[in-house]
Amino acid sequence: MEFVGDNYLLESDSAKEVYAEIESLPIVDPHNHANLAEIVNNDGWNDIWEVEGETDHYVWSVMRKRGVPERKITGGASNKEKWLALAEIFPELAGNPTYEWIHLDLKRRFGIDEPISAKTAKDIWWRTKDQLSKPSMKPQQLLTEMNVEVLCTTDDPTSDLANHEKAETAIDGIQTRPTWRVDRVMHVGEANWHEFVDELASATGIDTSDLNGFLDALARTHDYFDKRGCRASDLSLKEVVSRSVSRQRAREVYQNAIDGAKLSHRDVTDFRAFMLEKIGELNRKKDWVTQLHIGPVRDYRESLYERVGADAGGDVSTQTVELTENLKYFLNTFDGETEIVLYTVDPTHYPTLVFRQSSIEG
């Protein structure tokens with residue numbers, strides 16, 4: 001597997017020189033979806049499917065596209081059956097990032113050089129199973145070996161962050177920080193938004209039946225996360241909308257949503273714009289980083305969502321995202337006052353996102 005050798009992605013002498021300077025530095029991971037309970041408990045894994053496929057919706061997605069039945073993806077088949085099904089179609093995935101990610105794991109963590117295929121599947125299954133039984137392959141030991149210094153998880157505002165508290169004593173030498181993931185704040189007009197409003201009230205003890213209570217409750221979770229080491233928010237939106245929206249207007253929309261009234265597109269976007277500015281204000285006060293993921297269309301495949309549930313590999317991205325005007329108000333409101341990181345799924349949007357913040361002095 002020379003394509004994932006020592007010079008993987010290093011295509012010039014300059015790239016190799018730069019990498020040589022930084023390769024021994026510790027890893028500070030600002031954004032991931034690690035299962036912190038899994039790391040705290042440090043039980044490890046039983047087999048290669050648990051490691052590479054059991055919770056990875058990118059793997060599930062490519063398996064479906066190659067005709068693997070759902071029984072061998074998220075269904076009742078054994079883990080070995082699922083791994084063999086993945087291995088059988090794996091050569092067809094060349095060029096997909098998943099192909100490289102998993103081969104990188106095999107080479108760097110397990111020392112296995114053979115490409116994954118139907119022919120090598122059983123051998124890889126047993127070789128990795130043997131290695132996974134060793135203490136060196138437990139989550140905490142692997143993170144230490146990889147020189148991870150800081151790990152920022154992704155957490156709903158209503159989380160009690162109990163595993164972060166446990167991590168302080170259970171994990172040696174690695175800082176685990178929560179990230180305030182506020183997607184559900186923006187789901188106004190959708191069925192699951194009311195669930196979030198109720199959960200927020202339950203988590204904070206604040207009545208969220210009006211906008212003032214909702215904002216107070218959200219601010220309390222922001223304070224709670226801050227005290228537990230959080231230094232960033234994260235928000236995923238199909239399309240970001242920023243403009244000046246009055247508190248009175250937001251209050252009207254909020255009350256209509258609470259009462260179950262049907263909201264117009266303008267109602268929804270006005271509320272989202274108002275809340276985006278409020279999130280920015282909270283982050284500015286605490287000197288947090290604001291991360292915006294723009295462009296994902298979640299759970300696009302309705303039949304899959306109904307059968308398997310959310311985050312099952314049914315997401316797509318959209319090119320029809322307006323960025324320049326939609327971001328202008330937010331970026332200029334917080335220009336030089338807080339750090340903002342913009343992510344898009346579609347690389348054709350990258351040139352638009354080159355927005356450099358710096359202090360301007362006379």
Side-chain angles (χ1 to χ4, degrees), residues 1-9 11 32-35 38 44-133 137 139 142 146 236 293 295-319 345-348:
M1 283 193 288
E2 188 53 39
F3 74 99
V4 290
D6 292 340
N7 291 321
Y8 174 63
L9 297 182
E11 298 179 355
N32 66 74
H33 297 272
N35 183 338
E38 186 176 70
W45 306 272
N46 295 305
D47 56 63
I48 191 66
W49 176 257
E50 284 187 11
V51 173
E52 303 292 354
E54 188 169 78
T55 61
D56 192 331
H57 60 79
Y58 293 106
V59 170
W60 303 347
S61 180
V62 293
M63 291 177 75
R64 292 185 189 111
K65 288 172 181 175
R66 302 317 306 146
V68 178
E70 196 65 32
R71 177 180 166 274
K72 293 185 178 182
I73 303 173
T74 62
S78 69
N79 283 3
K80 188 175 182 181
E81 286 180 283
K82 291 174 180 178
W83 167 252
L84 295 177
L86 174 61
E88 185 172 353
I89 58 95
F90 215 75
E92 302 172 38
L93 306 183
N96 186 292
T98 303
Y99 185 83
E100 299 187 13
W101 294 341
I102 295 180
H103 275 130
L104 277 167
D105 278 353
L106 282 186
K107 183 175 180 66
R108 295 185 177 180
R109 303 273 74 83
F110 295 96
I112 294 175
D113 282 315
E114 291 79 12
I116 301 167
S117 68
K119 186 180 293 187
T120 61
K122 288 184 180 178
D123 180 58
I124 291 173
W125 170 269
W126 290 114
R127 288 169 67 185
T128 53
K129 192 169 180 63
D130 177 62
Q131 291 189 56
L132 287 168
S133 66
M137 295 298 284
L142 286 171
M146 290 185 280
S236 175
H293 286 74
V297 184
R298 306 294 183 186
D299 305 314
Y300 182 80
R301 188 178 174 192
E302 294 176 358
S303 62
L304 183 64
Y305 176 77
E306 291 167 1
R307 190 167 69 252
V308 182
D311 303 320
D315 300 347
V316 297
S317 67
T318 177
Q319 287 184 315
V345 178
D346 187 337
T348 63

**Asked** Is there a donor-acceptor pair closer than 3.5 Å between any side-chain N or O of E88 and the backbone N or O of A85?
**Response** no
**Item:** Partners meeting ring-ring contact (aromatic ring centres under 6.0 Å, His included) with Y99 (sequence neighbours left out)
**Value:** F3, F90, H103
**Request:** Run the salt-bridge test on D113 and K107 with the 4.0 Å N-O cut-off and return the result as yes or no.
**Result:** yes
**Message:** For E100, is the CD atom crowded, meaning more than 12 foreign heavy atoms sit under 6.0 Å from it?
**Reply:** yes
**Message:** So does I124 get a backbone contact from the side chain of T128, meaning a donor-acceptor N/O pair under 3.5 Å?
**Reply:** yes
**Asked** Ion pair present between E92 and R66, side-chain N to carboxylate O less than 4.0 angstrom?
**Response** yes
**Prompt:** Of all heavy-atom pairs between G111 and R127, which one has the smallest distance, and what is that distance?
**Reply:** O-NH2, 4.3 Å
**Message:** If I take atom CG from residue L132 and atom CD from residue E50, how far apart are they, to the nearest 0.5 angstrom?
**Reply:** 8.5 Å
**Stepwise side-chain contact (heavy atoms from CB on, under 4.5 Å) test for K129 and W45** = CA-CA 9 Å; K129 192 169 180 63; W45 306 272; over 6 Å; no
**Message:** Checking E52 against W101: is there a side-chain donor and acceptor pair closer than 3.5 Å?
**Reply:** no
**Item:** Partners passing side-chain contact (heavy atoms from CB on, under 4.5 Å) against I73 (at least two apart in sequence or in another chain)
**Value:** W60, M63, R64, V68, E70
**Asked** Are any of the side-chain nitrogens in E54 or K82 under 4.0 Å away from the carboxylate oxygens of its partner?
**Response** no
